[in-house]
Protein chains: 2
Amino acid sequence: MIKNDQPKDKIIDVARKLFASRGFEATTTRMINKAAGISEGALYYHFPHGKQEILDTIVQQGIESRVSLLAVSLTNSTTVTDIETQMMTLFDQLWQAFQSETSYQSFIITIRERMLLSDEQSHWLIDAIQQIQARLSQAFQNVEKLALNDSQAADNLAMIVMSIFQKVLYDELLIKNQRRLSADVRERVRQQIHFLLAPIQTTTN
Amino acid sequence: MIKNDQPKDKIIDVARKLFASRGFEATTTRMINKAAGISEGALYYHFPHGKQEILDTIVQQGIESRVSLLAVSLTNSTTVTDIETQMMTLFDQLWQAFQSETSYQSFIITIRERMLLSDEQSHWLIDAIQQIQARLSQAFQNVEKLALNDSQAADNLAMIVMSIFQKVLYDELLIKNQRRLSADVRERVRQQIHFLLAPIQTTTN
DNA sequence: GTCTATAATAGGATAGAC
DNA sequence: GTCTATCCTATTATAGAC
């Protein structure tokens with residue numbers, strides 16, 4: 001994360017912080033100006049359309065950054081030694097995409113100000129989750145160790161895994177306002193994954 | 001739902017609608033006055049502390065109403081004929097708690113304006129879900145048909161079931177702004193529940 | 001208990017100098 | 001490209017008549 005000292009980036013940076021902590025409507029242009037160390041007029045030079053344009057820029061940047069972070073790699077191999085471990089790696093990668101202050105803030109803003117955004121902008125998380133889910137389902141089908149009857153079963157398994165992950169994301173980030181992943185929460189996820197996968201693994205481990 | 005015509009209730013009613021659709025900060029007292037058909041001064045007679053007091057009242061009422069709606073009944077019997085059916089009934093009950101316009105609106109407000117609320121107020125959903133989860137775990141242990149090794153397993157199963165439900169609630173209500181439960185979404189939940197329970201049911205059906 | 005009128009302030013946005 | 005000064009409107013909240 002290169003801190004660009006250009007005023008435009010500075011404005012985005014302080015505005016993101018303010019929008020995340022106080023909300024878009026409660027943040028005034030004067031607050032942004034003061035925090036960015038610029039004057040009343042300068043803001044409208046960089047963002048002629050004012051506050052809304054700053055919001056759009058923040059949301060758009062955030063989505064782009066997370067989309068690339070969420071392009072997770074799943075080893076499609078049939079010789080996976082530990083599927084559970086791989087699932088936890090996937091979970092950690094997912095969590096990682098919301099770890100940096102910037103990611104976290106723009107995530108909060110994107111969810112909370114959804115009525116000010118386009119459907120496209122507010123649906124990004126569901127879309128991203130669905131894409132990972134599809135690739136997860138594919139990966140499950142290629143794992144011979146799993147006793148899955150058909151592609152429908154793989155779909156269901158992938159959906160359940162993503163539900164477990166997503167519940168944690170929503171609860172911790174959105175409701176509890178908790179950016180750090182506690183060992184406790186992670187352990188509970190691990191146990192659920194273990195419980196879920198154990199009965200459908202073939203006995204020849 | 002008795003529509004009370006008292007001005008105080010009318011104010012709460014229109015404010016809830018406005019807060020849900022436009023957000024708290026973007027809603028002015030003038031909008032509320034106009035929509036409620038009262039004058040500038042009347043609002044401050046009923047709510048001396050202004051907008052924030054209205055918000056608190058709405059959130060508090062919403063939590064109380066949902067807490068009672070979420071006091072779901074689980075038949076603790078060991079002779080359950082169809083556990084899957086019972087899970088779907090639970091899901092429908094859960095969904096029902098957010099179905100009425102009033103419930104839906106105050107839910108949206110409670111999540112979105114969480115920075116203006118106390119931790120207690122914003123944690124209610126997680127707490128409610130956890131309570132249902134605990135009773136669900138207990139119920140699972142009492143069902144002989146399920147091949148659950150220990151209480152830990154029942155906990156995990158209950159957590160996974162609630163994750164499946166909660167993901168749907170968040171996605172549909174919060175992100176998609178979709179209050180009606182589509183048959184498609186419900187069917188996907190049913191399949192996941194089936195997939196989850198099938199392998200751990202004893203063969204002697 | 002509800003009204004009208006208005007005070008006091010803060011909001012977004014712009015003009016024009018430098 | 002950045003500043004100061006300011007316009008215009010909207011905001012919350014109150015005073016005082018009825």
Side-chain angles (χ1 to χ4, degrees), chain A residues 2-61 105-106 109-110 112-118 121, chain B residues 2-61 109 112-118:
Chain A
I2 301 132
K3 275 271 180 190
N4 206 326
D5 266 349
Q6 287 186 338
K8 192 163 179 174
D9 294 312
K10 180 76 180 169
I11 293 170
I12 290 174
D13 226 52
V14 300
R16 182 171 38 232
K17 206 167 298 200
L18 287 164
F19 290 167
S21 62
R22 317 182 37 104
F24 175 76
E25 298 284 357
T27 303
T28 68
T29 50
R30 293 225 210 311
M31 288 176 196
I32 299 173
N33 294 334
K34 193 178 176 185
I38 58 166
S39 63
E40 300 299 310
L43 188 140
Y44 287 91
Y45 172 80
H46 294 289
F47 296 95
H49 301 290
K51 247 170 65 167
Q52 179 72 41
E53 189 179 354
I54 301 178
L55 176 65
D56 279 334
T57 309
I58 289 171
V59 168
Q60 216 49 48
Q61 279 187 4
Q105 286 165 350
S106 65
I109 295 167
T110 305
R112 217 168 37 199
E113 313 295 349
R114 63 138 293 159
M115 67 276 207
L116 300 174
L117 307 174
S118 68
Q121 284 175 320
Chain B
I2 301 130
K3 273 271 175 185
N4 206 325
D5 266 350
Q6 287 188 337
K8 193 162 179 175
D9 294 312
K10 179 75 180 168
I11 293 170
I12 291 174
D13 225 53
V14 300
R16 183 171 37 231
K17 207 167 301 202
L18 287 165
F19 290 169
S21 62
R22 319 181 35 105
F24 175 75
E25 298 284 354
T27 303
T28 69
T29 51
R30 285 216 228 293
M31 289 177 195
I32 299 173
N33 294 334
K34 193 178 176 186
I38 57 164
S39 63
E40 300 301 310
L43 188 139
Y44 287 92
Y45 171 80
H46 294 288
F47 298 94
H49 300 291
K51 247 170 63 166
Q52 178 73 40
E53 190 179 353
I54 302 178
L55 176 67
D56 279 333
T57 309
I58 289 172
V59 168
Q60 217 48 48
Q61 280 188 2
I109 295 167
R112 215 167 40 200
E113 313 296 349
R114 66 137 293 159
M115 67 276 207
L116 299 173
L117 307 174
S118 68

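Labels below follow one simple rule: chain letters A, B, ... track the order of the sequence lines, proteins then strands, and each chain is numbered from 1.
Under the side-chain hydrogen bond (donor to acceptor under 3.5 Å, both in side chains) criterion, A/Arg30 pairs with A/Glu40, not counting sequence neighbours. Checked against side chain to side chain contact (heavy atoms under 4.5 Å, CB included), A/Ser21 has no partners two or more places apart in sequence or in another chain. With sequence neighbours left out, the side-chain hydrogen bond (donor to acceptor under 3.5 Å, both in side chains) criterion links A/Glu25 to no other residue. With sequence neighbours left out, the side chain to side chain contact (heavy atoms under 4.5 Å, CB included) criterion links B/Ala36 to B/Lys10, B/Ile11, B/Val14, B/Ile38. Among residues two or more places apart in sequence or in another chain, the side-chain hydrogen bond (donor to acceptor under 3.5 Å, both in side chains) test is passed with B/Gln61 by none. When the side chain to side chain contact (heavy atoms under 4.5 Å, CB included) test is applied to B/Met115, the partners found at least two apart in sequence or on another chain are A/Arg112. For B/Phe47, there are no ring-ring contact (aromatic ring centres under 6.0 Å, His included) partners, not counting sequence neighbours.
Between the P atom of D/dA10 and the CD atom of B/Glu25 lies a distance of 18 Å, rounded to the nearest Å. Straight-line distance from the CG atom of B/Asn33 to the P atom of D/dA10: 16 Å, rounded to whole Å. Atom NZ in A/Lys10 sits roughly 18 Å away from atom C1' in D/dG1 (whole-Å rounding). Rounded to an integer number of Å, the gap from B/Leu43 CG to D/dA15 P is 16 Å. At whole-Å resolution of the value, NZ in A/Lys34 and P in C/dA10 are 12 Å apart. One interatomic measurement links the two molecules: CE of A/Met31 to P of C/dA13, which rounds to 15 Å at whole-angstrom precision.
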Check your understanding: Taking it one step at a time, do A/Leu18 and A/Arg22 satisfy side-chain contact (heavy atoms from CB on, under 4.5 Å)?
Key -> CA-CA 6 Å; A/Leu18 287 164; A/Arg22 317 182 37 104; 4.0 Å; yes

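Between A/Tyr44 and the phosphate of C/dT14, there is no side-chain N or O to OP1/OP2 separation shorter than 4.0 Å.
Between B/Ile54 and B/Leu43 there is a side-chain heavy-atom pair separated by less than 4.5 Å.
For the ring pair (Phe, Tyr, Trp, His ring centres under 6.0 Å) condition, the pairs that include at least one residue of residues 19-38 of chain B, sequence neighbours left out, are B/Phe19-B/Phe24. Applying the salt bridge (Lys or Arg N to Asp or Glu O under 4.0 Å) test to pairs two or more places apart or on separate chains, none has a residue in residues 43-53 of chain A.
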Review point. Using a cut-off of 4.0 Å between protein heavy atoms and nucleotide atoms, how would you tag nucleotides 2-7 of chain C 5' to 3' with B, S and -?
Key: BBBB--

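In DNA chain C, the stems built from three or more successive Watson-Crick or G-U pairs (distances below 3.5 Å) are C:1-10 with D:9-18, C:12-18 with D:1-7.
Of all the residues in residues 49-60 of chain B, B/Gly50, B/Lys51 reach under 4.0 Å from DNA chain D with at least one non-hydrogen atom.
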